[in-house]
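Working notes for the structure below.
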Amino acid sequence: MAGITFKNVVKTYDNGVTVVPDLNMEIKDKEFVVLVGPSGCGKSTTLRMIAGLESITSGDMYIGDQRMNSVPPKERNIAMVFQSYALYPHMSVYKNMAFALELAKTPKDEIDKKVHAAAEILGLEPYLDRKPKALSGGQRQRVALGRAMVRNPEVFLLDEPLSNLDAKLRTEMRSQISKLHKQLGTTFVYVTHDQTEAMTMGDRICVMKDGVIQQFDTPQNLYDTPCNLFVAGFIGSPQMNFINAKVEKEGEGYVLCFGDARIKMNRRELAPYVGKEVICGVRPEDFHAEPQFFGEGNEIDAYIDLDEMMGSESYLYLNYAGQKLVTRVPARYAKKAEENIKLAIDTEKLHVFDKDTELTICQ
């Protein structure tokens with residue numbers, strides 16, 4: 001078993017700065033978990049504590065049933081893949097992949113078997129005699145993965161491994177790493193600031209801010225049911241629109257008022273907020289220009305500041321009642337900049353947040 005458990009883990013540096021104040025997290029055996037968040041949120045520090053490259057100030061960290069706080073990195077049976085590849089430039093691909101096994105005095109025939117097996121999975125067999133400088137960025141990253149694979153680690157740690165690659169290579173490598181995880185059946189912990197990588201690769205995603213876990217859930221749950229304003233804004237591209245609105249009572253239900261809009265939302269969770277301001281969250285795809293969505297009274301007439309044609313769809317950057325919005329509509333319904341467009345809001349997909357606590361009220 002190679003599950004990872006953090007119990008009340010604190011990380012404070014010598015200068016007194018606490019980057020992880022109280023971390024409690026359980027990563028299951030064979031799970032692919034992505035740690036995601038803005039720069040400085042503590043995700044790389046968390047990964048380095050798993051690796052043993054950062055000491056734990058207090059609390060306990062386990063891999064399987066073994067407490068790892070004082071276990072040296074080389075005895076943890078983990079492998080780490082870095083952003084910079086960290087390959088030996090004077091060694092061939094074969095030698096780079098075999099080096100750790102040679103240090104461990106593994107028999108030569110076993111080294112050869114493991115290196116070739118890893119090279120076959122990663123498509124590196126034609127390049128085993130080349131030096132790193134003769135490889136593309138994607139090939140170098142595959143060598144770094146192969147070097148980790150040959151050790152048969154219990155846990156793979158990947159620290160922003162794709163950030164040095166161009167967009168096309170990142171897409172290819174994402175699918176290769178996901179495929180590799182399924183083939184190896186090993187626990188993967190992956191750090192990135194790119195929420196697209198997180199959403200497409202992780203079994204579960206841990207969203208962090210200021211060293212604190214905001215939400216730890218499946219990609220779909222993070223997207224559909226964010227627990228607070230930060231998660232809602234961080235997950236999704238383009239990001240969710242946030243609109244200041246006032247809650248009013250209307251008959252047996254409630255309406256959210258902003259500009260000329262009166263958006264009906266009959267949710268009893270809004271009762272304590274009557275007469276108060278809340279924040280409405282609307283994802284870009286939940287504004288609709290199609291005629292069948294009109295007639296419910298949940299429409300806005302917004303001014304288009306910018307139209308970005310994306311092929312089959314357009315991103316429209318809007319101004320409505322002094323608030324900036326972005327919507328994604330089919331290209332056939334898009335209008336040009338400096339025109340108005342009528343849009344309906346899908347109230348079934350509307351999110352409402354408390355303005356003070358930033359926690360979700362209803363969604």
Side-chain angles (χ1 to χ4, degrees), residues 1-5 27-35 44 46-54 61-125 127-132 135 138-162 173 176-191 201 203:
M1 293 288 288
I4 301 166
T5 305
I27 298 170
K28 299 170 187 173
D29 183 36
K30 300 180 182 179
E31 191 173 26
F32 195 131
V33 165
V34 181
L35 307 181
S44 289
T46 300
L47 196 78
R48 290 171 67 83
M49 286 193 287
I50 298 172
L53 302 176
E54 295 279 3
M61 195 275 289
Y62 295 84
I63 296 179
D65 297 325
Q66 185 180 1
R67 184 176 180 271
M68 288 288 169
N69 291 39
S70 56
V71 176
K74 65 181 181 180
E75 295 176 19
R76 295 192 180 203
N77 197 17
I78 57 97
M80 193 159 181
V81 179
F82 295 93
Q83 173 182 342
S84 61
Y85 318 134
L87 302 177
Y88 299 107
H90 61 287
M91 293 184 182
S92 66
V93 168
Y94 183 99
K95 282 288 188 181
N96 264 283
M97 292 172 67
F99 187 65
L101 297 177
E102 290 173 351
L103 286 180
K105 304 195 185 310
T106 306
K108 283 189 176 182
D109 58 340
E110 188 178 340
I111 291 174
D112 194 64
K113 183 179 177 182
K114 287 184 173 183
V115 169
H116 280 283
E120 184 179 359
I121 291 171
L122 294 167
L124 289 172
E125 286 197 308
Y127 312 110
L128 288 175
D129 294 328
R130 292 191 189 180
K131 301 283 179 63
L135 303 177
Q139 289 164 345
R140 290 179 198 177
Q141 195 56 272
R142 279 185 277 157
V143 175
L145 285 167
R147 184 177 56 188
M149 281 173 59
V150 297
R151 296 172 51 202
N152 295 325
E154 290 184 324
V155 179
F156 274 85
L157 305 177
L158 300 101
D159 191 4
E160 304 208 32
L162 308 184
M173 286 301 299
Q176 286 196 6
I177 291 173
S178 296
K179 183 180 177 183
L180 183 62
H181 170 251
K182 289 179 174 63
Q183 286 178 308
L184 298 179
T186 308
T187 306
F188 274 49
V189 185
Y190 188 105
V191 160
M201 297 174 74
D203 296 326

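All values derive from a computational prediction rather than experimental measurement. FYI, the numbering just counts along the sequence from 1.
Heavy-atom minimum distance, Gln139 versus Leu124: O-CD2, 4.0 Å. Shortest non-hydrogen contact noted between Glu31 and Lys28 is OE1-N, 2.9 Å. Between Thr106 and Ile111, the closest heavy-atom pair is O-CD1, 3.3 Å.
Side-chain contact between Ile121 and Leu180: present, with at least one pair of heavy atoms (C-beta onward) separated by less than 4.5 Å. Side-chain contact check for Met80 versus Leu53: some heavy-atom pair is nearer than 4.5 Å. You'll find the side chain of Pro161 reaches within 4.5 Å of the side chain of Val81, heavy atoms only. When side chains are defined from C-beta on, Leu158 does not count as touching Val189, because their heavy atoms never get closer than 4.5 Å. Contact check for Ile63 versus Glu154: side-chain heavy atoms found under the 4.5 Å cut-off.
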Would Ile4 and Met68 count as a side chain to side chain contact (heavy atoms under 4.5 Å, CB included) if you check the C-alpha gap in whole Å, the side-chain angles of each, and the deciding distance to 0.1 Å? CA-CA 10 Å; Ile4 301 166; Met68 288 288 169; over 6 Å; no
Please evaluate residues Ile27 and Thr187 with respect to the criterion side chain to side chain contact (heavy atoms under 4.5 Å, CB included), reporting the C-alpha separation (whole Å), side-chain torsions for both, the decisive distance (0.1 Å), and the verdict. CA-CA 8 Å; Ile27 298 170; Thr187 306; 4.0 Å; yes
Verdict with reasoning, Val115 to Leu128, per side chain to side chain contact (heavy atoms under 4.5 Å, CB included): CA-CA 9 Å; Val115 169; Leu128 288 175; 4.3 Å; yes
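A search for salt bridge (Lys or Arg N to Asp or Glu O under 4.0 Å) contacts involving Glu54 returns Lys11, Arg48, not counting sequence neighbours. Every residue meeting the side chain to side chain contact (heavy atoms under 4.5 Å, CB included) condition with Ala79, not counting sequence neighbours, appears here in chain and number order: Ala148, Arg151, Pro153. Not counting sequence neighbours, the partners of Phe188 by the ring-ring contact (aromatic ring centres under 6.0 Å, His included) test are Phe32, Phe156, His181. Residues passing the side chain to side chain contact (heavy atoms under 4.5 Å, CB included) test with Leu87, sequence neighbours excluded: Tyr85, Asn96, Pro132, Arg140, Val143, Ala144, Arg147. Listed by chain and residue number, Lys95 satisfy the salt bridge (Lys or Arg N to Asp or Glu O under 4.0 Å) test with Glu102 (two or more places apart in sequence, or in another chain). Residues forming a side chain to side chain donor-acceptor pair (under 3.5 Å) with Ser44 (at least two apart in sequence, or on another chain): Asp159. Shown here are the side chain to side chain donor-acceptor pair (under 3.5 Å) partners of Gln176, two or more places apart in sequence or in another chain: there are none. Tyr62 is linked by a ring-ring contact (aromatic ring centres under 6.0 Å, His included) to nothing, counting only residues two or more places apart in sequence or in another chain. Applying the salt bridge (Lys or Arg N to Asp or Glu O under 4.0 Å) rule to Arg130 yields no partners; only residues at least two apart in sequence or on another chain are considered. A search for ring-ring contact (aromatic ring centres under 6.0 Å, His included) contacts involving Tyr88 returns Phe99, not counting sequence neighbours.
Listed by first and then second residue, the side chain to side chain donor-acceptor pair (under 3.5 Å) pairs involving residues 70-82 amount to none (not counting sequence neighbours). For residues 112-122, the pairs satisfying salt bridge (Lys or Arg N to Asp or Glu O under 4.0 Å) are Glu110-Lys114, with sequence neighbours left out.
Within the model, atoms CE of Met97 and CG of Leu145 stand 9.5 Å from one another, a figure rounded to the nearest 0.5 Å. The distance from the OG1 atom of Thr5 to the CE atom of Met61 is 9.5 Å, given to the nearest 0.5 Å. Distance check: Leu47 CG to Leu157 CG gives 4.5 Å after rounding to the nearest 0.5 Å. Remark: Glu125 CD to His116 NE2 distance equals 6.5 Å, nearest 0.5 Å. In this structure, CE in Met201 is found 8.5 Å from CE in Met173, a value given to the nearest 0.5 Å.
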